[in-house]
Number of protein chains: 2
Amino acid sequence: MTAASIRARVRAEMTDEIKTVARRHLATDGANLSLRAVARDLGMASSAVYRYFASRDELLTAMIIDAYDALGGTVEAAVSGTGFPDRFLGVCHAVRDWALANPHEWALIYGSPVPGYQAPTDTVGPAIRVILVIGRIVGEASAAGEVPAGEPIGGRLGDDLRYVAERAAPGTPPQLVARAIAAWIHLCGAVSAELFGQLNNTIEARREFFELQMRGAAAMISRPA
Amino acid sequence: MTAASIRARVRAEMTDEIKTVARRHLATDGANLSLRAVARDLGMASSAVYRYFASRDELLTAMIIDAYDALGGTVEAAVSGTGFPDRFLGVCHAVRDWALANPHEWALIYGSPVPGYQAPTDTVGPAIRVILVIGRIVGEASAAGEVPAGEPIGGRLGDDLRYVAERAAPGTPPQLVARAIAAWIHLCGAVSAELFGQLNNTIEARREFFELQMRGAAAMISRPA
DNA sequence: CCGCCGCAAGAGCAGTGCTCTCTTTTGTGG
DNA sequence: CCACAAAAGAGAGCACTGCTCTTGCGGCGG
């Protein structure tokens, strides 16, 4: 039993080592990760890497999951303060700070998906951590009476939102969940815009502008149209 | 003279043909465009393509410029209606519709930039057409007294915004320009989120949700925090 | 009419993902 | 403790990529 786990542990360590080197390559070279280059850095034949990852896509998927988890963990740990706007703004800055520190990993998870873009089901768990944090903050603010529900939403969208609300933030009004998702999308858009160069030669006071935007997003939640 | 222009015209036609085939490849295979495959489709040697584009990056740059121009032209042509929110919402839907029809080209211009790729200055002109349209709409609404200016913004961000405002939308209050840019970023974020699969298994009533979001963005402009 | 220059073609280099076969290592069950 | 099978690594090889270089062809300008 313990004997069998020796093999497994060595294998896990090797897998981690590969991912570490791959992450380093990702940080320098960008998304076009070369399996052979990683193997060279590890001093092993490229074919040996295939014992651990069936394909380059599988390695990338592992990197994506790790990136989601790193971001999710950072954001979850950053939740603090009291009162709705501050808690939300804290999350926004945590997301932005992580993205600025790990731009290529951000691009990996929130940029354009690579060719086939088949997201395995393993990724959805880590992927939703950030929006779940936002949902929790908004839900708590709603329960505390800090934010109004706003006008109900009907139709198919209403159904979708009810479904999402009861699964992700039970007790939170669906229309509020909609505004939370919109704020999250605005957050991701703002970070991507800054990171992908959409603001180049336009706005240099990035942090201030980001803060302004996210205050607007918070206001959009606190004060529905 | 006419002779010289014959050469030039043939060359331009060949260039267009390459770009057309490249665009087709882009639409099917995604962003990892193969110059050799394009050459094969054209029945020519891969080395011949280099007579027209010095590198794969240069071809991609041309595609990017074309995509920006196609989107910009579509959006400019779609501006209609009267009154601020409707005009803005029309632009939003024009952007989304174009993106849904040309997902890979959207990914090319608003997705993660390809590694090591530096946007040449030729791209900035076409790139800013959409935000200029939004700026014009907001500026006109401001001139017509349809939207308030909101509280002034100081500091470095205020300087940036004043600079942008006087160059892109003279006479429009800088703080309003900030909200216009924020709305544009939210727009891009919403389209990317939908296109890149961030809404998968969550919200199926995409158009309705998009409309809701953009109504929120419009309200953010009409009614500053 | 000739020469020249733009154009195309092909070979070639270095790199890639991935597969196959072969060898070595190594944990493990008896 | 030891033989063995399973796991791991190595290396060659295939098809592909971007890009360069050299060579030949042909239409255009003088």
Side-chain angles (χ1 to χ4, degrees), chain A residues 1-22 24-26 28-64 104 108 113-118, chain B residues 1-19 21-22 24-26 28-64 104 108 113-118 120:
Chain A
M1 182 173 186
T2 56
S5 65
I6 286 182
R7 274 245 165 102
R9 210 192 54 197
V10 168
R11 185 179 175 82
E13 281 172 8
M14 193 68 211
T15 304
D16 275 350
E17 202 166 346
I18 294 175
K19 286 202 289 188
T20 300
V21 174
R24 205 172 58 221
H25 273 78
L26 206 67
T28 62
D29 294 353
N32 45 3
L33 181 64
S34 161
L35 229 139
R36 287 178 110 113
V38 171
R40 265 197 304 273
D41 258 29
L42 285 165
M44 68 199 303
S46 65
S47 54
V49 178
Y50 284 84
R51 298 266 169 210
Y52 300 90
F53 296 95
S55 69
R56 181 175 164 277
D57 269 9
E58 199 171 296
L59 213 193
L60 276 180
T61 299
M63 309 297 297
I64 288 174
H104 290 103
L108 205 59
V114 257
Y117 97 103
Q118 83 298 346
Chain B
M1 181 171 184
T2 55
S5 65
I6 284 181
R7 276 245 167 108
R9 211 191 52 197
V10 168
R11 185 179 175 82
E13 281 173 7
M14 194 66 211
T15 304
D16 276 349
E17 202 166 346
I18 294 175
K19 286 201 288 186
V21 174
R24 205 172 59 220
H25 272 78
L26 207 66
T28 63
D29 293 354
N32 43 5
L33 181 64
S34 162
L35 228 141
R36 288 178 109 114
V38 171
R40 267 197 303 271
D41 258 30
L42 284 165
M44 68 198 305
S46 65
S47 56
V49 178
Y50 284 84
R51 296 267 163 204
Y52 300 90
F53 297 94
S55 69
R56 181 175 164 277
D57 268 9
E58 199 171 298
L59 214 193
L60 276 180
T61 299
M63 310 296 298
I64 288 174
H104 290 103
L108 204 59
V114 281
Y117 176 81
Q118 180 74 9

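So you know, we letter chains A, B, ... as the sequences are listed, proteins then strands, and number each from 1.
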Using atom CG of Asp29(B) as one end and atom P of dT17(D) as the other, report the distance to the nearest whole Å. 10 Å
Should Met44(B) and Met14(B) count as side-chain neighbours, where that means a heavy-atom distance under 4.5 Å? yes
Whole-Å distance separating the CZ atom of Arg11(A) from the C1' atom of dA7(D): 9 Å
side-chain contact (heavy atoms from CB on, under 4.5 Å) partners of Thr20(A), counting only residues at least two apart: Arg23(A)
For nucleotides 12-25 of chain C, 5' to 3', base contacts (B), sugar-phosphate-only contacts (S) and non-contacts (-) with protein non-hydrogen atoms under 4.0 Å give B---BBBBB-----
Can you list everything that forms a salt bridge (charged side-chain N to carboxylate O under 4.0 Å, His left out) with Arg51(B)? Sequence neighbours excluded, please. none
By salt bridge (charged side-chain N to carboxylate O under 4.0 Å, His left out), Asp16(A) pairs with (sequence neighbours left out) none
When we call it a touch if two heavy atoms are under 4.0 Å apart, what does Phe53(A) touch: a base, just sugar-phosphate, or nothing? nothing
Sort and list the pairs that fulfil side-chain hydrogen bond (donor to acceptor under 3.5 Å, both in side chains) and have at least one residue in residues 33-45 of chain B, not counting sequence neighbours. Arg24(B)-Asp41(B)
For Glu58(B) and dC19(D), give me the distance from atom CD to atom P, rounded to whole Å. 10 Å
Leu59(B) vs Tyr52(B) side-chain heavy atoms within contact, under 4.5 Å: no
Length of the CG-P vector between Asn32(B) and dC16(D), whole Å: 15 Å
